[in-house]
Amino acid sequence: MSPRRIATRIEQLNESATLAIDATAKSMLARGVDLVSFAAGEPDFATPSFIVEAAVEAARDPRNHHYTPAAGLAELREVIAKRTEQLSGLFVDPNQVVVTNGGKHAVYSAMMTLLDDGDEVLIPAPYWVTYPEVVRLAGGVPVAVPTDLSTAFKVTPELLERYCTPRTKMLIHVSPSNPTGAVYSDEESAALAEFADRRGLYVVSDEIYQQLTYGMESAPAIGSFASQELTQRLILVNGVAKTFAMTGWRVGWVIAPGDIAKGVVKLQSQLCSNVSNVSQRAAVAALAADADATSYMREAFARRRESIVSLLAAIDGIDVMWPQGAFYVFPSVQGVLERQFEGSPIGSSYRLAELLLQHAKVAVIPGEAFDAPGYLRLSYALSDEGIVDGIGRIADFVTRL
Ligand code: PMP
């Protein structure tokens with residue numbers, strides 16, 4: 001028998017549904033279709049100019065034209081360590097920081113470094129599509145822990161306990177969450193830390209939206225509640241993409257106890273070497289800057305959140321929770337799915353998203369992409385006028401059903 005053309009591990013990998021829908025939306029826009037896209041998983045702002053200037057300068061400096069350490073530039077690891085201490089409640093040595101090609105790569109490197117075949121990973125659902133795929137790539141077994149609107153999309157130790165087996169090794173924690181915008185309070189974070197400590201679990205805490213919160217400075221960090229033992233099993237994932245409108249620059253990082261960080265560096269030394277030096281220098285400028293320099297983006301998101309949630313809440317059949325962080329809203333559309341379109345019931349949020357794209361010229365991501373049918377994810381990283389126009393189109397479509 002001849003060998004398979006494509007390896008099983010890639011045959012079985014699902015492509016990112018959010019990136020695919022976003023790409024369709026972008027190509028429709030490029031063709032001149034009058035489309036409003038709520039599909040983007042990224043800020044609509046340009047990267048602040050002081051960051052771009054730092055990169056231009058870096059590109060001219062021959063020091064940046066050559067290989068640098070796979071773990072990242074020393075200057076960048078230092079600012080990351082300092083900032084994490086302020087925000088995540090942990091003492092961080094720069095040697096614990098590994099710079100990666102974005103937060104996605106950070107998640108990948110963490111899983112590859114920590115998981116053996118058959119290790120089970122608790123993933124609260126709805127979840128970011130990448131987690132289960134990357135867990136599987138690393139040989140692990142994703143275990144979805146379902147939540148819904150009635151519990152504000154949050155898990156508790158009691159719920160997680162029901163999904164634990166002797167093979168459970170890790171919990172993925174993300175607050176604020178993509179896709180729901182849920183933020184765990186101090187008490188809830190402390191309860192999860194206590195649970196992971198008691199159960200001997202590793203925790204990967206994805207803090208990429210940590211500073212995009214509403215009504216609070218930043219999201220409570222699970223690290224602030226970790227016992228000494230748990231800090232030895234706590235891995236943080238973060239990046240500059242969302243906070244600084246730098247999704248295209250590809251800079252993220254893993255922060256882990258020394259031995260785990262060394263494992264991540266070893267992997268990267270064989271996989272990709274250093275992240276682009278120009279991007280790393282841009283990230284230094286971003287992280288070293290005063291928070292005021294980028295607060296205008298947060299303010300815009302806060303305003304757009306008010307607008308999108310109020311507009312959605314006014315549509316009959318749509319139930320929506322106020323997201324406390326990130327730039328997504330995750331309404332339930334259950335009340336719309338039994339209605340008829342051209343003689344047949346809509347049936348699923350996937351079908352509703354298709355119909356909205358075709359007939360209302362609005363792009364949204366169906367909940368199915370996050371293991372949560374019956375919901376839609378709308379990003380509010382678009383202009384204030386776009387939000388009013390787009391939700392107006394959804395309201396018109398839904399009321400005509
Ligand atoms: N974590 C979460 C929860 C995300 O939503 C994203 C981006 N969609 C990332 C990590 C990774 O971001 P990036 O790779 O662009 O840094």
Side-chain angles (χ1 to χ4, degrees), residues 14-23 25-26 37-45 47 51 72 76 80 88 97-111 121 123-135 142 153-154 171-184 203-213 219 221-222 235-255 264 268 271-272 275-276 279-280 282-283 286-287 301 323-330 365 367 369-372 377-381:
N14 291 308
E15 212 175 310
S16 163
T18 50
L19 287 189
I21 295 169
D22 189 37
K26 281 179 176 154
S37 178
F38 293 99
E42 58 180 339
D44 55 323
F45 304 101
T47 303
I51 300 173
L76 180 54
I80 291 170
S88 299
V97 179
V98 189
V99 179
T100 60
N101 194 57
K104 193 174 267 186
H105 180 206
V107 173
Y108 176 84
S109 289
M111 298 305 159
V121 178
I123 310 180
Y127 47 67
W128 182 42
V129 285
T130 294
Y131 299 138
E133 298 302 325
V134 168
V135 164
F153 302 110
K154 292 188 229 182
L171 166 69
I172 296 182
H173 175 65
V174 52
S175 172
S177 146
N178 171 12
T180 66
V183 174
Y184 285 77
V203 177
V204 168
S205 176
D206 182 341
E207 305 190 340
I208 197 124
Y209 296 103
Q210 179 178 51
Q211 287 178 275
L212 292 176
T213 50
I222 196 162
I235 294 89
L236 308 185
V237 168
N238 207 329
V240 292
K242 315 284 177 172
T243 317
F244 300 102
M246 291 179 72
T247 46
W249 298 76
R250 311 311 302 140
V251 179
W253 53 87
V254 175
I255 298 182
V264 173
Q268 293 200 175
L271 179 72
C272 53
V275 170
S276 155
S279 286
Q280 290 198 64
L287 292 166
F301 288 139
Q324 287 183 291
F327 38 70
Y328 308 106
V329 54
F330 201 66
I365 314 270
F370 312 97
D371 205 1
R377 189 194 78 175
L378 287 80
S379 153
Y380 46 91

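Please read all numbers here as calculations on a predicted model, not as lab measurements. When a ligand or atom number is given, it counts from 1 through the structure's own listing order.
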Ignoring hydrogens and geometry, is there a side-chain-to-backbone donor-acceptor pair from Asn178 to Thr180 under 3.5 Å?
no

Could you see which bit of Lys242 sits under 4.0 Å from ligand 1, with heavy atoms only: side chain, backbone, both or neither?
side chain

Starting from atom 12 (O) of ligand 1, which protein heavy atom do you reach first, and at what distance in Å?
Ile208 CD1, 3.7 Å

Quick check: does any side chain N or O of Thr247 sit under 3.5 Å from a backbone N or O of Ala241, one acting as donor and the other as acceptor?
no

Ligand 1 contact by Tyr131, heavy-atom criterion under 4.0 angstrom
yes

Can you classify the ring geometry of Tyr209 versus Tyr328 as parallel (below 30°), tilted (30 to 60°) or perpendicular (above 60°)?
perpendicular

Is a side-chain donor or acceptor of Glu133 paired with a backbone partner of Asn14 at a separation under 3.5 angstrom?
yes

Polar contact flag for Asp206 and ligand 1 (N/O pairs, less than 3.5 Å)
yes

Nearest-contact summary for atom 13 (P) of ligand 1 - protein heavy atom, Å:
Gly103 N, 3.4 Å

If you compare Glu207, Lys104, Glu42, Arg250 by their heavy atoms, the one closest to atom 15 (O) of ligand 1 turns out to be Arg250

Against ligand 1, does Gly239 come closer than 4.0 Å with any heavy atom?
no

Do you know which two heavy atoms are closest between Val251 and Ala283, and how far apart they sit?
CG1-CB, 3.8 Å

Under 30°, 30 to 60°, or over 60°: which ring-plane class applies to Tyr131 and Trp128, parallel, tilted or perpendicular?
perpendicular

Do any N or O atoms from the side chain of Thr100 and from the backbone of His105 form a donor-acceptor pair under 3.5 angstrom?
no

For Tyr380 and Phe38, run ring pair (Phe, Tyr, Trp, His ring centres under 6.0 Å): C-alpha distance rounded to whole Å, both residues' side-chain angles, the deciding distance at 0.1 Å, then the answer.
CA-CA 6 Å; Tyr380 46 91; Phe38 293 99; 9.6 Å; no

Is His105 touching ligand 1 with its side chain, its backbone, both, or neither, if touching means heavy atoms under 4.0 Å apart?
neither

Determine, considering heavy atoms only, which of Trp128, Tyr328, Tyr108, Trp253 sits nearest to atom 4 (C) of ligand 1.
Trp128

List ligand 1 atoms under 4.0 Å from Ala241, heavy atoms only on the residue side.
15 (O), 16 (O)

Numbered atoms of ligand 1 (with element) below 4.0 Å of Gly102, judged on heavy atoms:
14 (O), 16 (O)

Would you please indicate if the ring centroids of Phe301 and Phe327 are separated by under 6.0 Å?
yes

Polar contact flag for Gly41 and ligand 1 (N/O pairs, less than 3.5 Å):
no

Tyr209 versus ligand 1: do any nitrogen or oxygen atoms come within less than 3.5 Å of each other?
yes

